[in-house]
Structures are given as structure tokens and as C-alpha cells.
Amino acid sequence: MNAEERREWRSKIREVMDRYPDVEGEMDPEERRKMMQKLLADYPLVVEEDDPNWRDDGDGWGFNLGQFFDKIAIKNKRKDDDEDSDSENEIVWQDDNYIRPIKDIKTAEWEETVFKDISPLIVLVHNRYKRPKENENFRDELEKAVHIIWNCRLPSPRCVAIDAIKEVELVSTLKVSVFPEIIFTKAGKILYREKGPRTADELSKIMAFFYYGAAKPNCLDGVAEINESIPSVST
């Protein structure tokens, strides 16, 4: 971005931050105790091994580390004066993406993803057999756009990806027939469908427009919001 675009971006960020009121902590001891009891009930610190709700893919903790990490990248360097080392080989732990900007979901996860959390959500529908290069590039640009938002110290919208080859019914319900397509949603409504191609810069400005109150970018000139309800899918 040039200097003028950076100034505009920072101005919009300040506007968004100013709209949030100061959050006050709960001071009443009885209310605080109730809140703590609710948290412990919703998120127990100890889970029995034979709990029927225990996830099979939980890596021993009730959740899968793959939700947050791909591969870990740490290189074990041997010191020159380390005489106790019994190996000449360096241990390298690979990490290609630390926190994933885009989460792949299945049809069974759609209802919870969309209707349990109504915060801004971006849906990428891709097809590996139809325009595979364009599908791959669009995902890369979306990931870069998320990093642009992160670099502005803003929480990015949630981003999920749907494989059109595996999740046929869900893709049909979303009325997607041209791939790739990015669907911008908020509060249970589809605001805009982007069929690309778009650069990361353009996608970040579209996010800023729909979710942070920024000015409408030039790439959306003549485009109206569709504001249709997000469909439900029975599994």
C-alpha cells in the first residue's frame, strides 16, 4: 500500500476501535462465583477417559492440535562444545503454517460453524478438478489477505474451505456451480459472492468494507449486496 492507502486504513481501524465501549469486569463476588461455576461446567479441567463425549482424534487432550498447527518448525542446533551429544544428526521439526488462516470443514460441521457462531465468516468453495490452478491461487490470495488483516492488529473474519468433490450436497445447497467461489457472510446472511480472480490486497479491502466499516473498494463498484439467508443443511 502507498502512504495514502495506509493513512486511510489506519483511520478506519481507529474508527472501529472507537466504536467499542470499555469493558468492565464483574465486581460482585457472588456473580463472579456464578460465572466461574459456569465456565468450569462448560469447559471442565478434567475429563474421564471413558467419557462418551471424548473425541477420538483428540491427541489425548480432547482437541486436535492440527486445528491450530500444521507441522512444527524447530531446529535443534548442536553447540560446538557439547561433548555429551550422542548424535551428529540435527533434529528438524517442520512448520509450514503455524496457525491456519483457513480451516477445512465437512458438511457435518456446517450447522455448528454457521449458526452457533454468527460472527463474520468467509467460505471458500473449491474444486480440484475444475480450474485447479485458479482454485489453488484463490486460496493462497485469501490466506495472504488474512495476514494483511492480522498485520493491521485486527482479528480476521473466520475463514473455512469446502471441498466441492467431497461435500456435494453442501455445495449444491450453497448454489455454487463455478469454482472457485468465495462467499462473504455475516449474522446468518450472505452478503456477497466473489468468483474471482482477486488479489490479496483486493480481498483484504473487501473484508474491510464488509466487516470493519471501511470505504467501498473500487473492485466492488457497481456490485450490490445480495443479503440472502445462509442455507441450512441436514446431515
Side-chain angles (χ1 to χ4, degrees), residues 57 64-71 94-151 155-211 217 219-220 223-235:
D57 61 345
N64 193 335
L65 289 176
Q67 294 174 237
F68 312 105
F69 300 94
D70 288 336
K71 292 175 291 184
Q94 301 291 328
D95 177 12
D96 52 3
N97 225 358
Y98 62 104
I99 298 176
R100 295 177 180 175
I102 305 174
K103 177 185 177 183
D104 293 282
I105 66 169
K106 300 178 181 179
T107 302
E109 302 171 89
W110 176 251
E111 298 290 305
E112 182 175 0
T113 301
V114 174
F115 300 113
K116 210 168 185 181
D117 184 348
I118 60 172
S119 63
L121 174 70
I122 296 175
V123 182
L124 169 66
V125 184
H126 60 92
N127 188 319
R128 75 192 78 168
Y129 298 124
K130 294 183 178 180
R131 302 167 65 209
K133 191 64 178 177
E134 288 83 349
N135 280 264
E136 182 181 353
N137 289 341
F138 217 8
R139 181 167 185 146
D140 290 342
E141 293 301 313
L142 180 57
E143 289 192 359
K144 292 175 185 176
V146 171
H147 282 286
I148 291 175
I149 299 295
W150 286 349
N151 290 337
S156 70
R158 296 176 298 142
C159 295
V160 298
I162 299 171
D163 188 338
I165 300 301
K166 296 180 179 179
E167 315 303 328
V168 178
E169 183 182 354
L170 176 56
V171 172
S172 175
T173 303
L174 289 171
K175 300 177 182 178
V176 177
S177 57
V178 178
F179 306 96
E181 180 174 309
I182 293 179
I183 304 173
F184 291 81
T185 79
K186 183 179 179 181
K189 298 287 186 180
I190 295 176
L191 305 178
Y192 174 62
R193 293 175 182 265
E194 177 57 72
K195 303 183 189 302
R198 295 291 187 193
T199 64
D201 182 63
E202 289 174 323
L203 290 173
S204 67
K205 289 178 179 177
I206 294 174
M207 292 181 196
F209 170 64
F210 284 121
Y211 304 131
C219 59
L220 291 183
V223 176
E225 294 183 30
I226 53 180
N227 207 29
E228 63 181 84
S229 296
I230 297 177
S232 176
V233 179
S234 59
T235 57

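When a residue number appears, it is its place in the shown sequence, counting from 1.
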Side chain to side chain, [X] and [Y], heavy atoms closer than 4.5 Å:
| X | Y | result |
| --- | --- | --- |
| F179 | F138 | no |
| K205 | L220 | no |
| K133 | N137 | yes |
| Y211 | I122 | yes |
| L124 | V160 | no |
| P231 | I190 | yes |
| L142 | M207 | yes |
| F115 | S232 | yes |

Original post:
So does K144 pair up with E141, basic N to acidic O under 4.0 Å?
Top reply: yes
Original post:
For S156, which residues count as a side chain to side chain contact (heavy atoms under 4.5 Å, CB included) partner, sequence neighbours excluded?
Top reply: V146, I149, W150
Original post:
Partners of V114 by side chain to side chain contact (heavy atoms under 4.5 Å, CB included), sequence neighbours excluded?
Top reply: W110, L121, I230
**OP:** Using the salt bridge (Lys or Arg N to Asp or Glu O under 4.0 Å) rule, collect all pairs that involve residues 176-200, keeping only residues at least two apart or in two chains.
**Re:** E181-R193, E181-K195, R193-E228, E194-R198, R198-E202
Would you please name every residue forming a side-chain hydrogen bond (donor to acceptor under 3.5 Å, both in side chains) with [X], sequence neighbours left out?
| X | answer |
| --- | --- |
| D163 | R128 |
| D140 | none |
| S119 | D117, R158 |

Contact summary for [X] and [Y], nearest pair of heavy atoms:
| X | Y | answer |
| --- | --- | --- |
| A145 | S204 | CB-N, 3.8 Å |
| P101 | C159 | O-CB, 3.4 Å |
| N135 | P180 | OD1-CB, 3.4 Å |

Original post:
Under 3.5 Å, is there a donor-acceptor pair between the side chain of E109 and the main chain of K106?
Top reply: yes
Original post:
Do S172 side-chain atoms and V168 backbone N/O form a donor-acceptor pair below 3.5 Å?
Top reply: no
Subject >> Derivation of the side-chain contact (heavy atoms from CB on, under 4.5 Å) call for L191 and N227 >> reply: CA-CA 5 Å; L191 305 178; N227 207 29; 4.1 Å; yes
Original post:
Under 6.0 Å from the CD1 atom of I118, do we count more than 12 heavy atoms belonging to anything else shown?
Top reply: no
Original post:
What distance do I206 atom CD1 and F184 atom CZ have between them, rounded to the nearest 0.5 Å?
Top reply: 5.0 Å
**OP:** Calculate, to the nearest 0.5 Å, the distance between atoms OG1 and CG belonging to T185 and L174 respectively.
**Re:** 10.0 Å
